[in-house]
Structure formats: structure tokens, C-alpha cells
Amino acid sequence: MSRPLIALGVILVLAGLLWPVLSRLPLGRLPGDIVIQRPNFTFYAPIATCIVISAVLSLIFWLIRR
């Protein structure tokens, strides 16, 4: 149990250090992300962004488990 928690902590620290670079990525504005804007209402469903993040995290965790 301690190994996954340490890995998660390292990933969070790296994400925090790389935040200026990561914020320039087009995540949240990918084709497939749904944005509906109406007066007094905004609906945002980041479907493509969730798929990309899920694939990256799955790869990272798979590499950690090897």
C-alpha cells in the first residue's frame, strides 16, 4: 500500500512543478469536449479530455506496476 501512495505523491509533486507547462496544453479545449453556452447557463462536458487523461494515467500506473 505504501508504494502506490508514494508514487501518487511523486506524480502530484511533478504535476505541481510542471504546472506552468501543463497549463499551456490544450486540455479542456480538445475536439470532442462539449460546451453549450446560453444566457445564464453554461454546460461543459470534457469527454475527450477525460479520455486522454485516463489513457495517460493508465499508462503511468501500468509502468509503475511492472
Pairs of donor and acceptor atoms involving the side chains of residues 20-36, under 3.5 Å and at least two apart or interchain, shall be tabulated with distances.
| unit_1 | atom_1 | unit_2 | atom_2 | d |
| --- | --- | --- | --- | --- |
| S23 | OG | W19 | O | 3.3 |
| S23 | OG | P20 | O | 3.0 |
| R29 | NH2 | L25 | O | 3.3 |
| D33 | OD1 | I47 | N | 3.4 |
| D33 | OD1 | A48 | N | 3.1 |
| D33 | OD1 | T49 | N | 3.1 |
| D33 | OD1 | T49 | OG1 | 3.3 |
| D33 | OD2 | R29 | N | 3.4 |
| D33 | OD2 | L30 | N | 3.1 |
| D33 | OD2 | T49 | OG1 | 2.7 |

* **Y44, OH atom: more than 12 neighbouring heavy atoms under 6.0 Å** => yes

For residues 50-66, please give each side-chain donor-acceptor pair under 3.5 Å, one per line with the distance, not counting sequence neighbours.
| unit_1 | atom_1 | unit_2 | atom_2 | d |
| --- | --- | --- | --- | --- |
| S58 | OG | S54 | O | 2.9 |

